[in-house]
Novice: 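The following block contains the structure, expressed as structure tokens.
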Amino acid sequence: MKKDAATTDTAVRTDSVKEKSIENYKAVTAMFNTGKTDDLGKYVDSNMVDHTPDPGRKQGLSGLKEMIGGMRAGFPDLKMTVKDITVDNGMIWAHVNMTGTNTGSMMGMPPTGKKMDINGVDIIKVTNGKATDQWGYYQERLMMEQMGMMPAHPDKGAPAAPPAKKG
């Protein structure tokens with residue numbers, strides 16, 4: 001069956017929007033890695049709602065900038081790596097890994113000098129090319145265990161992360 005030009009154009013536009021969403025997510029990830037957030041407003045709506053914020057964290061673009069600054073202060077060598085990402089119906093679904101060494105103060109806690117290596121999932125709603133809503137689920141307990149701030153879970157830590165998508 002032959003596709004008509006309108007169907008092909010729609011598919012190309014849809015793929016282009018998905019690719020742009022992935023590029024934008026990776027650009028924000030790079031800002032976590034460098035701490036340079038001047039261009040964050042290109043990708044994140046000023047009123048973005050974080051549905052899973054840390055206690056006391058402000059909402060919106062300014063809150064995200066503060067959070068990135070706080071993470072970079074606590075973990076100056078912070079590295080966020082996208083392991084897998086997909087876009088569907090205006091939603092980004094990303095599996096990420098974060099590593100870093102806690103050599104700076106974070107959220108009022110003194111540095112431990114210990115390394116963290118955790119995984120997480122970000123779910124981002126995109127409207128008109130910008131992130132408007134975010135849900136983030138990370139291995140925070142595992143991070144606290146790795147920092148020596150809480151005892152290891154009785155069944156020896158969190159389950160292993162799913163394998164990275166190949167291809």
Novice: Report, one line per pair, each donor and acceptor closer than 3.5 Å where one atom sits in a side chain of residues 73-81; sequence neighbours left out.
Specialist:
unit_1, atom_1, unit_2, atom_2, d
Asp77, OD1, Thr101, N, 2.6
Asp77, OD2, Thr101, N, 3.4
Asp77, OD2, Thr101, OG1, 2.9

Novice: Can you list every pair that meets side chain to side chain donor-acceptor pair (under 3.5 Å) and has a residue in residues 25-38, with sequence neighbours left out?
Specialist: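 Residue pairs passing side chain to side chain donor-acceptor pair (under 3.5 Å), neighbours aside: Tyr25-Asp122.
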
Novice: Would you check, one step at a time, whether the test side chain to side chain contact (heavy atoms under 4.5 Å, CB included) holds for Tyr138 with Val96?
Specialist: CA-CA 9 Å; Tyr138 287 78; Val96 298; 3.3 Å; yes

Novice: Looking at every non-hydrogen atom in both residues, tell me the closest pair between Lys130 and Asp45 and how far apart they are.
Specialist: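 For Lys130 versus Asp45, the nearest heavy atoms are CB-N, 3.9 Å.
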
Novice: Going through the checks in order, is the side chain to side chain contact (heavy atoms under 4.5 Å, CB included) test met by Glu140 and Asp54?
Specialist: CA-CA 11 Å; Glu140 289 148 343; Asp54 292 328; 4.2 Å; yes

Novice: Heavy atoms, side chains only, cut-off 4.5 Å: are Met98 and Met71 in contact?
Specialist: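 Side-chain contact under 4.5 Å: yes.
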
Novice: How long is the gap from CG on Asn47 to OG on Ser62, to the nearest 0.5 Å?
Specialist: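 Going from CG on Asn47 over to OG on Ser62, the span is 9.0 Å.
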
Novice: For Gln146 and Lys114, work out which heavy atoms get closest and say how close.
Specialist: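 It is O-CD, 3.4 Å.
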
Novice: Let me check something: do Val82 and Phe32 share a hydrophobic cluster, defined by ILVMFWY side-chain heavy atoms less than 4.5 Å apart, either directly or through other members?
Specialist: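 They do share one cluster, since a chain of ILVMFWY contacts under 4.5 Å joins Val82 to Phe32.
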
Novice: For Glu66, give me all partners under side chain to side chain contact (heavy atoms under 4.5 Å, CB included), at least two apart in sequence or on another chain.
Specialist: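 Partners of Glu66 by the side chain to side chain contact (heavy atoms under 4.5 Å, CB included) criterion, ordered by chain and then number, come out as Lys58.
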
Novice: I need the minimum non-hydrogen distance between Met48 and Leu64, along with the two atoms involved.
Specialist: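 Met48 and Leu64 have their closest heavy atoms at CE-CD2, 4.3 Å.
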
Novice: Does a side-chain heavy-atom distance below 4.5 Å link Val49 with Gln59?
Specialist: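 Contact flag for Val49/Gln59 side chains = yes.
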
Novice: Going through the distances and angles, do Gln134 and His51 end up as a side chain to side chain contact (heavy atoms under 4.5 Å, CB included)?
Specialist: CA-CA 6 Å; Gln134 188 264 351; His51 296 274; 5.9 Å; no

Novice: So do the side chains of Pro151 and Glu145 get within less than 4.5 Å of each other, counting heavy atoms only?
Specialist: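 The answer is no; the side chains never approach within 4.5 Å.
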
Novice: According to side chain to side chain contact (heavy atoms under 4.5 Å, CB included), who are the partners of Asn24, at least two apart in sequence or on a separate chain?
Specialist: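 Asn24: side chain to side chain contact (heavy atoms under 4.5 Å, CB included) contacts with Lys20, Tyr43.
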
Novice: Tell me every residue that passes side chain to side chain contact (heavy atoms under 4.5 Å, CB included) with Lys125, counting only those two or more places apart in sequence or in another chain.
Specialist: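 For Lys125, the residues satisfying side chain to side chain contact (heavy atoms under 4.5 Å, CB included) (neighbours in sequence not counted) are Met91, Thr127, Thr132, Asp133, Trp135.
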
Novice: If you compare all heavy atoms of Val87 against all heavy atoms of Lys18, which two are closest, and at what distance to 0.1 Å?
Specialist: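 Heavy atoms only, the tightest pair is O-CE, 3.5 Å.
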
Novice: Applying side chain to side chain contact (heavy atoms under 4.5 Å, CB included) to Ile22 and Ile92, what does each step give before you reach the verdict?
Specialist: CA-CA 8 Å; Ile22 290 170; Ile92 299 171; 5.9 Å; no

Novice: Cluster question for you: counting only ILVMFWY and a side-chain heavy-atom cut-off of under 4.5 Å, with indirect links fine, are Met67 and Met31 together?
Specialist: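 Yes, because Met67 and Met31 connect within a single hydrophobic cluster, where side-chain heavy atoms sit under 4.5 Å apart.
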
Novice: Please name all residues satisfying side chain to side chain contact (heavy atoms under 4.5 Å, CB included) with Met149, sequence neighbours left out, ordered by chain then number.
Specialist: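 Side chain to side chain contact (heavy atoms under 4.5 Å, CB included) check on Met149 returns Asn102, Met109, Thr112, Met144, Met147.
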
Novice: Identify the two heavy atoms, one from Ile118 and one from Asn97, that lie closest to each other, and give their separation to 0.1 Å.
Specialist: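 Where Ile118 meets Asn97 most closely, the heavy atoms are O-ND2, 3.1 Å.
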
Novice: Provide the closest heavy-atom pair for Val28 versus Val44 in the form atom of the first, atom of the second, distance.
Specialist: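 So the minimum-distance heavy-atom pair works out to CG2-CG2, 4.4 Å.
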
